Amino acid sequence: MVDIHSHILPGVDDGAQDIAESIKMAKAAVEQGIHTIVATPHHLNNRYENHKKTIIDRVAELNLIFEQEQIDLQVFPGQETRIYGELLEGYELGEILPINQTQYVLIEFSSNHVPQYTEKLFYEMQVRGLIPIIVHPERNQQLIEQPDVLYKLVKNGALSQITAASVHGAFGKKIKKFSQQLIEANLTHFIASDAHNTTSRSFRMREAYGMIQAKYGSEMVYLFKENAALAIEGKYVYKEPPERIKKKKIFNLF
Ligand code: FE
């Protein structure tokens, strides 16, 4: 299985703090059935700054370490890019790193809000051939309250990725329920771990897929797994026409 979102790169953000922790995470990933993982450190926030070239170099180093340790896990470079107005300028300057240098860019919003300029920026990204993948929309307060905002972005070509632990229920019932609604409304296209460690923010991929299998059947599992594999090769992913989440259902969350 392919995992397109993780913080396995050591010492660059709030994920693995050192090589020993990266190795621990790698072993946990393999145990989950993950053979390929994208290292997606936070691009910029108050504490970190991780640009394209450094990430690529560090991923190469990490692959060598895993080889020496005989861990069967291939790491690809990527980045979790916090949305900002000058994102395209950053891309031109070689700071932004789509997953495995494809056209797919992991985009993070702040946890409570979606900026006004998002629609315009996503449009401009797509004009340049870049496809935004919104990470963990199920954990964004504004999207929980106004899922139509996500509907519109997806309808206009954005993709989204929900976090395995959300599906599994680690972030609470409300987020679990909203994750299911996103799956049912074709508003999400990937499941990824967003693993930061092997304890509080671990992989949970096998557990999430187990639940998806039980609730939606193997076809849905196949679709998500296939999409992750297609994305890292820069291929088109499966998309069903998105639907709006009905208001009544939203009220049931609370
Ligand atoms: Fe993340």
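The residues of the chain are indexed from 1 along the displayed sequence. Note that this is a predicted model, so its numbers are computed, not measured. Whatever order the structure lists ligands and atoms in, that order sets their numbers, starting from 1.
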*asked:* Within a 6.0 Å radius of atom CD on Glu243, are there more than 12 heavy atoms belonging to other residues, nucleotides or ligands?
replied: yes
*What class does the angle between the rings of Phe122 and Phe109 fall in, given that below 30° is parallel, 30 to 60° is tilted and above 60° is perpendicular?*
parallel
*On the ring face of Tyr209, is Lys225 found with NZ or CZ under 6.0 Å from the centre and within 45° of the axis?*
yes
*Where the side chain of Gln126 meets the backbone of Asn156, is there a donor-acceptor pair that is under 3.5 Å apart?*
yes
_Less than 6.0 angstrom separating the ring centers of His43 and Tyr84, yes or no?_
yes
*asked:* Looking at every heavy atom in both Thr102 and Glu233, which two are closest together, and how far apart are they?
replied: CG2-C, 4.1 Å
_Can you count the protein N/O/S atoms lying under 2.8 Å from the Fe ion (ligand 1), leaving waters out?_
4
